[in-house]
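What follows is a set of notes on a single structure, which appears directly below.
This one's a predicted model, so the numbers in the text were calculated from it and none came from an experiment.
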Amino acid sequence: MSAPLTPPPPPHEHSPQGGWQSPSAGRTAPAFASASDSAAGSVPDPAAGHGERSGYGWYGQDGPGMRTELREAAVTAVAVALGGVLLGVLWWWLAPRIPLVGDVTGDSWVVYLKDTEGEQAVGVDGTFALLAPVFGAVSALAVFLVRRRGGVPLVVALGVGGLLGSLLAWRLGVWLGPSPDVIARAREVGKGVTFDAPLELNAKGALLAWPFAALAVHLGLTALFGPRDPEPDSGPHAHPPADPYLLQPPDDGFPKA
């Protein structure tokens, strides 16, 4: 007579707390969390890791507000434009002089170029075109060192300030130079006496040298030394935690296929 066979244990026993218990593993893997467990902190809250990224916290962490950026952009544009005073003085000081001479024909005065084959007029434009990119690079470096994070308003202010600085330098150099009334100047110095022509910028495209150089240098500095955004897969909250209210597969101690 053989002994009665012992019935095998059930594959899973229902836990009184709403989970599934594996008899072979000897431990429980709760799938449903109660309100008391969530309040006690035993179950991770999926929104807990994103608290600092919600509302004004996230906005303040990324950078200043739009109103602050606009205010900084306005200050930057004014500061860069004021650099045109120095550019105008240097242009007036370094630009070559164009010699003129006056003569009397009948009852009227006529002014001629003393050196008809001279290239002083080209040198005047060239001096401005060489100085303006230097001021653009210096202004871009200064703006980058003061505000490394950058931003669209700051870049726009840098370009606008450079253009205003070029216009200010142009008009200031013309004002510091000789009088534009060459006939009155010829009468003042006398017939056959050489005098300097007024300072003029014939190549108006040189006015764009400052803003273009500033934007190019600032872009290069930002690309090489600017702050980097964190990688998408880095950080403590790169992968959001699993939802504790979803049913999890039982842990029976056997590898899954």
Side-chain angles (χ1 to χ4, degrees), residues 74-146 155-221:
V75 173
T76 301
V78 173
V80 172
L82 289 178
V85 176
L86 181 58
L87 175 58
V89 173
L90 290 177
W91 180 48
W92 164 72
W93 182 38
L94 298 175
R97 300 296 184 260
I98 303 175
L100 300 177
V101 62
D103 194 6
V104 179
T105 303
D107 295 336
S108 61
W109 280 82
V110 181
V111 177
Y112 301 97
L113 286 171
K114 185 177 182 180
D115 186 6
T116 56
E117 297 181 357
E119 298 181 354
Q120 291 85 353
V122 179
V124 172
D125 296 342
T127 302
F128 192 96
L130 291 177
L131 290 175
V134 176
F135 275 76
V138 172
S139 61
L141 177 61
V143 170
F144 177 77
L145 293 179
V146 173
V155 174
V156 173
L158 181 61
V160 172
L163 181 58
L164 295 178
S166 296
L167 293 173
L168 178 60
W170 170 40
R171 300 313 304 172
L172 180 62
V174 172
W175 180 74
L176 292 176
S179 173
D181 191 353
V182 294
I183 299 297
R185 181 62 177 167
R187 290 176 178 175
E188 179 182 353
V189 299
K191 178 182 178 179
V193 179
T194 303
F195 61 96
D196 294 335
L199 196 61
E200 295 181 355
L201 184 65
N202 297 317
K204 297 301 188 293
L207 296 173
L208 301 177
W210 184 339
F212 281 175
L215 294 178
V217 173
H218 189 271
L219 177 62
L221 292 175

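For the pair L163 and L208, the minimum side-chain heavy-atom distance is below 4.5 Å. Using a 4.5 Å cut-off on side-chain heavy atoms (C-beta onward), V80 and F135 make no contact. The shortest side-chain heavy-atom distance between V89 and L176 falls under the 4.5 Å cut-off. The closest side-chain heavy-atom distance from L221 to V217 is below 4.5 Å. When side chains are defined from C-beta on, V111 does not count as touching V101, because their heavy atoms never get closer than 4.5 Å. Taking 4.5 Å as the limit, every side-chain heavy atom of T76 sits out of range of all side-chain heavy atoms of V146. The closest side-chain heavy-atom distance from K114 to L100 is not below 4.5 Å. W170 is listed as a side-chain neighbour of W91, based on a closest heavy-atom distance under 4.5 Å.
Not one N or O on the side chain of D196 forms a donor-acceptor pair closer than 3.5 Å with the backbone of R97.
The two atoms that bring E200 and V124 nearest to each other are O-CG1, 3.2 Å, heavy atoms only. Residues A132 and A209 approach most closely at CB-CB, 3.8 Å, considering heavy atoms. Nearest heavy-atom pair across A203 and D125 is N-OD2, 3.3 Å. For the residue pair G102 and A186, the shortest heavy atom distance occurs at CA-CB, 4.1 Å.
Here W210 contributes atom CH2 and L167 contributes atom CG; the two are 10.5 Å apart, rounded to the nearest 0.5 Å. Atom CG of L199 sits about 8.0 Å away from atom CD1 of I98, to the nearest 0.5 Å. With rounding to the nearest 0.5 angstrom, the CG atom of L168 is 11.5 Å from the CG atom of L207.
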* Asked: After noting the C-alpha distance and the side-chain angles of W109 and V182, does the key distance pass the side chain to side chain contact (heavy atoms under 4.5 Å, CB included) rule?
  -> CA-CA 10 Å; W109 280 82; V182 294; over 6 Å; no
